[in-house]
2 protein chains.
Amino acid sequence: MKIGELSARTGVSIRSLRYYEEQGLLTPVREANGYRTYSPYAEEQVRTIQLYLQLGLSTEQISGFLTCVLQHPETFCREVLPVYEQKLREIEEQIEQLGRIKTNLQDRIRYFGANPKDAQEG
Amino acid sequence: MKIGELSARTGVSIRSLRYYEEQGLLTPVREANGYRTYSPYAEEQVRTIQLYLQLGLSTEQISGFLTCVLQHPETFCREVLPVYEQKLREIEEQIEQLGRIKTNLQDRIRYFGANPKDAQEG
DNA sequence: GTAGACCCTCCCATTAATGTGAGGGTCAAG
DNA sequence: CTTGACCCTCACATTAATGGGAGGGTCTAC
């Protein structure tokens, strides 16, 4: 199938499909006229890419294990686990940082309730 | 004081001080030679700006209430509360989103423990 | 043979704060 | 009057995935 059809089937923009190729995540064959042709498996492949992107992984990280997970269950590809673990650490750190900011904001908001309402302009 | 001294006192780069001015957060006077001259109060002002930036507010948001909070307690400036509340909502939403991703990652990581270790290469 | 729907590449823009460097003034001390 | 430490403006780079447009080829149906 051509890029327009793959885009329609997956909901991923043509621009992004070309970007994934540039990043080594997709390798369509080229017809004599230069058009990209994708195998039917590309559709699942694109959905897989999207899934990992939604987990916050970069195209570079995804490229490290995509070939394997397309052929095996995720848990069989040993490149995957360390990426997940690192990402998990990053996420936890971000959550902590956001939690600190949240508490700080909540404290500040609380003070508004505890103080006179004669607020000043600008 | 000149920009180099303000930078040294606050630890904020000269580049950033000029950026804050561009964004309307600082308004040093200009000498005849074009040099920026900052009042002694600028030091506290810069620390205040940094504080709000660390809360995740944008320079645009900060500019909306900075003048007021420099003259009054934060709780007296009515521009502040809605910004805090909006930011708090954003933070909470981000935390939720990260939490979902975290759970997803943890689930995936758990499956590795529950499966055979004969992982495949690339 | 032409209209219209495809496809191609190349390149710029987005976001927000900051880094960096070129090219060039200012000023104080020697 | 030169050195060196300042200061200035302008402008590009950073990040990552995506949007968008220009300029142009291809293919199908009429």
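The structure presented is a predicted model; accordingly, all values stated were derived computationally and were not measured. Sequence lines set the chain letters: A, B, ... in the order given, protein chains first and strands last, and positions in each chain run from 1.
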S.K.: Can you tell me if CD on A/Q106 sees more than 12 non-hydrogen neighbours from other groups inside 6.0 Å?
M.R.: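 Yes - once you tally the heavy atoms of other residues, nucleotides and ligands closer than 6.0 Å, there are more than 12.
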S.K.: Contact list please: residues 89-105 of chain A against DNA chain D, heavy atoms, distance less than 4.0 Å, in numerical order.
M.R.: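 Output list: empty, so none.
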S.K.: Check this one for me: any side-chain N or O of A/S16 less than 4.0 Å away from OP1 or OP2 of D/dT18?
M.R.: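 Yes, A/S16 has a side-chain N/O under 4.0 Å of OP1/OP2 on D/dT18.
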S.K.: Polar-atom pairs under 3.5 Å, protein N or O versus N or O of nucleotides 4-11 of chain D: list them with distances, or write none.
M.R.:
unit_1: D/dC7; atom_1: OP1; unit_2: B/G4; atom_2: N; d: 2.7
unit_1: D/dC8; atom_1: OP1; unit_2: B/R36; atom_2: N; d: 3.0
unit_1: D/dC8; atom_1: OP1; unit_2: B/R36; atom_2: NH1; d: 2.7
unit_1: D/dC8; atom_1: OP2; unit_2: B/R18; atom_2: NH1; d: 2.5
unit_1: D/dC8; atom_1: OP2; unit_2: B/R36; atom_2: NH1; d: 3.4
unit_1: D/dC8; atom_1: O5'; unit_2: B/R36; atom_2: NH1; d: 3.3
unit_1: D/dT9; atom_1: OP1; unit_2: B/R30; atom_2: NH1; d: 3.0
unit_1: D/dT9; atom_1: OP1; unit_2: B/R30; atom_2: NH2; d: 3.1
unit_1: D/dT9; atom_1: OP2; unit_2: B/R36; atom_2: NH1; d: 3.0
unit_1: D/dT9; atom_1: OP2; unit_2: B/R36; atom_2: NH2; d: 2.8

S.K.: Round to the nearest Å and state the distance from A/L17 atom CG to C/dC8 atom C1'.
M.R.: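 Between C1' of C/dC8 and CG of A/L17: 15 Å.
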S.K.: How long is the line joining CD of B/Q50 and P of C/dA16, in whole Å?
M.R.: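 It works out to 17 Å between those atoms.
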S.K.: Table please: side-chain donor-acceptor pairs of residues 17-28 of chain B below 3.5 Å, with sequence neighbours left out.
M.R.:
unit_1: B/Y20; atom_1: OH; unit_2: B/Q50; atom_2: NE2; d: 2.7
unit_1: B/E21; atom_1: OE1; unit_2: B/R36; atom_2: NE; d: 2.4
unit_1: B/E21; atom_1: OE2; unit_2: B/R30; atom_2: NH2; d: 3.3

S.K.: So, applying side-chain contact (heavy atoms from CB on, under 4.5 Å) with A/T59, which one of A/I49, A/L53, A/L66 is it?
M.R.: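 Answer after filtering A/I49, A/L53, A/L66: A/L53.
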S.K.: C/dA16 P sits how many Å from B/Q54 CD, rounded?
M.R.: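 Answer to the nearest Å: 18 Å.
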S.K.: Holding to salt bridge (Lys or Arg N to Asp or Glu O under 4.0 Å), I want the full list of residues that pass it with B/R15, two or more places apart in sequence or in another chain.
M.R.: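 B/R15: no salt bridge (Lys or Arg N to Asp or Glu O under 4.0 Å) contacts found.
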S.K.: Compare side-chain N and O positions of A/S13 against OP1 and OP2 of D/dG19 and report whether any pair is under 4.0 Å apart.
M.R.: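 Yes, such a contact exists.
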S.K.: Suppose we screen for side-chain hydrogen bond (donor to acceptor under 3.5 Å, both in side chains). Which residues come up paired with A/R89, at least two apart in sequence or across chains?
M.R.: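 Result, side-chain hydrogen bond (donor to acceptor under 3.5 Å, both in side chains) vs A/R89: none returned.
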S.K.: Mind checking side-chain hydrogen bond (donor to acceptor under 3.5 Å, both in side chains) for A/E31 and listing every partner two or more places apart, or none if nothing turns up?
M.R.: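 With sequence neighbours excluded, A/E31 shows a side-chain hydrogen bond (donor to acceptor under 3.5 Å, both in side chains) to A/T37, given in chain and number order.
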S.K.: To the nearest angstrom, how far is A/Q23 atom CD from D/dA17 atom C1'?
M.R.: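 Distance, rounded to whole Å: 9 Å.
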S.K.: Output all residues satisfying side-chain hydrogen bond (donor to acceptor under 3.5 Å, both in side chains) with B/N33, sequence neighbours left out; order by chain, then residue number.
M.R.: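 Partners of B/N33 under the side-chain hydrogen bond (donor to acceptor under 3.5 Å, both in side chains) test: none.
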S.K.: For A/Y19 and C/dC11, give me the distance from atom OH to atom P, rounded to whole Å.
M.R.: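 Computing the A/Y19:OH to C/dC11:P distance gives 18 Å.
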S.K.: Can you sort out the partners of A/Q86 under side-chain hydrogen bond (donor to acceptor under 3.5 Å, both in side chains), two or more places apart, ordered by chain and number?
M.R.: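 Scan of A/Q86 (side-chain hydrogen bond (donor to acceptor under 3.5 Å, both in side chains), adjacent residues dropped) gives A/E90.
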S.K.: Let me know the distance between CG of B/L25 and P of C/dA16, rounded to the nearest Å.
M.R.: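 So the two atoms are 14 Å apart, to the nearest Å.
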S.K.: Does D/dT18 have its OP1 or OP2 closer than 4.0 Å to a side-chain nitrogen or oxygen of A/Y20?
M.R.: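 It does, given that an N or O in the side chain of A/Y20 lies less than 4.0 Å from OP1 or OP2 of D/dT18.
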S.K.: Run the side-chain donor-acceptor check on residues 2-10 of chain B: report pairs under 3.5 Å with partners two or more places apart or on a different chain.
M.R.:
unit_1: B/E5; atom_1: OE2; unit_2: B/R9; atom_2: NE; d: 3.0
unit_1: B/E5; atom_1: OE2; unit_2: B/R9; atom_2: NH2; d: 3.0
unit_1: B/S7; atom_1: OG; unit_2: B/V12; atom_2: O; d: 2.7
unit_1: B/T10; atom_1: OG1; unit_2: B/L6; atom_2: O; d: 2.8
unit_1: B/T10; atom_1: OG1; unit_2: B/V12; atom_2: N; d: 3.2

S.K.: Taking CG from B/L57 and P from C/dA17, how many angstroms apart are they, rounded to a whole number?
M.R.: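 Computing the B/L57:CG to C/dA17:P distance gives 10 Å.
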S.K.: Residues two or more places apart in sequence or in another chain: which of them pass ring pair (Phe, Tyr, Trp, His ring centres under 6.0 Å) with B/Y52?
M.R.: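 Applying ring pair (Phe, Tyr, Trp, His ring centres under 6.0 Å) to B/Y52 gives B/F65.
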S.K.: Give me each pair satisfying salt bridge (charged side-chain N to carboxylate O under 4.0 Å, His left out) with a member in residues 60-76 of chain A, each pair once, sequence neighbours excluded.
M.R.: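 Residue pairs with at least one partner in residues 60-76 of chain A: A/E74-B/R108.
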S.K.: When the C1' atoms of the five terminal pairs at each end define the local axes, what inter-axis angle does the helix from C/dG1-D/dC30 to C/dG30-D/dC1 show, to 10 degrees?
M.R.: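 Angle reported: 40°, given to the nearest ten degrees.
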S.K.: Just how far, in rounded Å, is P of C/dT18 from CG of B/L26?
M.R.: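 Rounded to whole Å, this separation is 12 Å.
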